[in-house]
Every structure is written in structure tokens, then in C-alpha cells.
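Notes follow once the structure below has been shown.
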Amino acid sequence: MYLMRLAEAADIAAVRTLALARSAWLEERQMLSWRASAEDVAGQAENTDGSMWLLTHEGSGKVIGCTTVQRETPPWGWTEQELAEPADYLYTTVTDPAERAQRPGTLIALWAVDRAARSGRAWVRRGCMFPGLVHYYETQGFRVIHQVQRTHNLVYLMARRAGQLTSISAAVGTHAPALPLSPPAAAAPKPSPRA
């Protein structure tokens, strides 16, 4: 069993280690790596909005993957109608290559699809710049919606409709602090001593 939980500042070192392990794996295959941005990736663990999630082994707590979930789609490349639809946007998904047989990237993606549906979102979206990664995301049910030329790169914008996935919710639990249903009521003013 796996657990997705919100990252916190204490997880920075584990996320850095994860990014560097993935970088070494990519470099061995002559692919672009995360090495130059490993500190930036690790720094996302202490986002105050709690948007980085970690995939961990439930028993050991070992971090084997991470992704950052944004509640708004970046505006470039999407139509106004698409931007009006509630969607979660995934970025900075990094997994431990030593855990590759367990398919942690797919577990994270499917967890995000299930979580989005359970929180009333219509879509899960993501973007990437590499055709190989596009193919990998397609195996997870994502499809290319737009191709956008940015300054130096062609970016593939992808999406998958949110949907509850009973099998993934059984395999990957979620631990997050409970959010209040409504803001606390303001304290009633104290009567004036002269009243």
C-alpha cells in the first residue's frame, strides 16, 4: 500500500535526493535531467499552499515520488472555455527510478485523476516538452489537447477527464490535514460597560 501526503519543509532533503536519483538515471541515458533544478524542485516541498504531494511507502514512509498540484491551469495555450472548467494541473512529477517496476508515475497520475473527481474537478491537465514523455502520459489515459510553441520549446498540453478510480483509491491512500468546512464565526462583540 502506498500513501500520498502533503510535503512540508522537513521533506526538502528527501525530494532533493529523489530529483538527483532521477537525474542520474536520465543522464545515463543521455537525456536532459533535473540536476540543474534539483534545489528548485526540493524547494517546492515547503510551498505554503500545500501543493506538493509525496508518494510514500505506507510502512516505511520512504518518498518514492512527488508531484505538484495546482488548482488553476496556466493560462497560455488553453482556450477561455477550457480555462473556465475546473481542473487540477500537475507539474514537477519526479519518481525514484529504483521503484520503476512499481510504476510510481502512473500511481501518482491515477491518484490525481481520482482525487480531482472526488473534489469536484472536471479535468487533470499537465504539460511536457518531450515526445517520449507524451507517449508515457498517453499510457496513463492523458491525450494531447494543444501543441504550443513557447520561446525555445514546443510544449504538449495534455488532459484527462477526472474520474473516480476505486482500484487506485484502494492502492494509494491519501493523508491530508482536514480543512474547515466554513470559516470560524467572528466573535460576538462584547457589550459596552456603559450599556
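We're numbering straight along the sequence, starting at 1. Given the structure is predicted, the values throughout are model-derived calculations rather than measurements.
Surrounding CD of Glu72 are at most 12 heavy atoms belonging to other residues, nucleotides or ligands under 6.0 Å away. Residue Gln149 places its CD atom among more than 12 non-hydrogen atoms of other residues, nucleotides or ligands, all under 6.0 Å distant.
In this structure, Arg100 contributes its side chain and Asp96 its backbone to no donor-acceptor pair below 3.5 Å. Remark: side-chain polar atoms of Asn153 are not paired, donor with acceptor, to backbone N or O of Val155 under 3.5 angstrom. With hydrogens and angles disregarded, a donor-acceptor distance shorter than 3.5 Å links the side chain of Ser23 to the backbone of Arg35. For the pair Glu8 (side chain) and Ala10 (backbone), a donor-acceptor distance under 3.5 Å is absent.
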Inset, instruction - Evaluate salt bridge (Lys or Arg N to Asp or Glu O under 4.0 Å) for Asp88 paired with Arg71, printing each intermediate quantity in order. - result: CA-CA 5 Å; Asp88 283 347; Arg71 299 292 280 179; 2.9 Å; yes
Inset, instruction - Decide side-chain contact (heavy atoms from CB on, under 4.5 Å) for Met158 and Cys128; before the verdict, give the C-alpha distance in whole Å, the side-chain angles of both, and the deciding distance to 0.1 Å. - result: CA-CA 8 Å; Met158 304 183 76; Cys128 67; 4.2 Å; yes
Inset, instruction - Begin from the C-alpha positions of Leu110 and Arg160 and carry the test side-chain contact (heavy atoms from CB on, under 4.5 Å) through to its verdict. - result: CA-CA 10 Å; Leu110 297 180; Arg160 177 178 171 167; 3.2 Å; yes
Inset, instruction - Quick one: do Thr139 and Arg103 satisfy side-chain contact (heavy atoms from CB on, under 4.5 Å)? Show the steps, please. - result: CA-CA 11 Å; Thr139 69; Arg103 301 184 53 87; 4.0 Å; yes
Inset, instruction - Could you give me the CA-CA distance, side-chain angles and deciding distance for Tyr156 and Leu154, then say whether side-chain contact (heavy atoms from CB on, under 4.5 Å) is met? - result: CA-CA 7 Å; Tyr156 302 91; Leu154 177 65; 3.5 Å; yes
Inset, instruction - Start with the C-alpha distance between Arg16 and Asp40, add both sets of side-chain angles, then the distance that settles salt bridge (Lys or Arg N to Asp or Glu O under 4.0 Å), and finish with yes or no. - result: CA-CA 9 Å; Arg16 180 186 306 110; Asp40 292 334; over 6 Å; no
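No side-chain heavy atom of Asp11 sits under 4.5 Å from any side-chain heavy atom of Glu46. When side chains are defined from C-beta on, Gln102 counts as touching Glu99, because their heavy atoms get closer than 4.5 Å. Residues Arg115 and Ser169 fail the side-chain proximity criterion, which asks for heavy atoms closer than 4.5 Å. With contacts defined as side-chain heavy-atom distances shorter than 4.5 Å, the pair Leu157/Val144 does not qualify.
Hydrophobic clustering of Ile, Leu, Val, Met, Phe, Trp and Tyr side chains at less than 4.5 Å, counting indirect connections, keeps Ile12 apart from Ile64.
Considering CZ of Arg150 and CE of Met129, their distance stands at 11.0 Å, rounded to 0.5 Å. In this structure, OG1 on Thr95 lies 7.0 Å from CG on Leu18, to the nearest 0.5 angstrom. Atom-to-atom distance recorded for Arg22:CZ and Cys66:SG is 10.5 Å, nearest 0.5 angstrom. Between the CD atom of Glu58 and the CG atom of Leu3 there is a distance of 6.0 Å, given to the nearest 0.5 Å. Note that OH of Tyr2 is 6.0 Å distant from CG of Leu107, once rounded to the nearest 0.5 Å. Note that CG of Leu165 is 12.5 Å distant from CH2 of Trp111, once rounded to the nearest 0.5 Å.
Taking both residues in full, the closest heavy atoms of Gly77 and Val148 are given as CA-CG2, 3.6 Å, listed atom of the first, atom of the second, then distance. Minimum interatomic distance between Arg161 and Ala122 (heavy atoms only, all atoms of both residues): CG-O, 3.4 Å. Residue Ser33 comes nearest to Leu26 through the heavy atom pair CA-CD1, 3.8 Å, listed as atom of the first residue, atom of the second, then distance. Across all their heavy atoms, Pro75 and Leu83 have their closest contact at O-CD1, 3.8 Å. The nearest pair of heavy atoms linking Leu20 to Ala38 is CD2-CB, 3.8 Å. Taking all atoms of both residues into account, the shortest heavy-atom contact from Trp34 to Thr93 is CZ2-O, 3.9 Å.
With respect to Leu90, the side chain to side chain contact (heavy atoms under 4.5 Å, CB included) criterion is satisfied by exactly one of Thr68, Val113, Thr67: Thr67.
A cation-pi arrangement is present between Arg126 and Tyr137 under the rule of less than 6.0 angstrom and at most 45 degrees off the ring axis. Cation-pi geometry between Arg121 and Trp123 is not satisfied (NZ or CZ under 6.0 Å from the ring centre, within 45° of the ring normal). In this structure, Arg125 is positioned above the aromatic face of Trp78, its NZ or CZ under 6.0 Å from the six-membered ring centre and within 45° of the axis.
Between the side chains of Thr174 and Arg5, no donor-acceptor pair is found at a separation under 3.5 Å. One side chain, Gln44 or Thr92, offers a donor N or O that lies under 3.5 Å from an acceptor on the other.
Under the 4.0 Å criterion applied to side-chain N and carboxylate O atoms, Glu138 and Arg143 are not assigned as salt-bridge partners.
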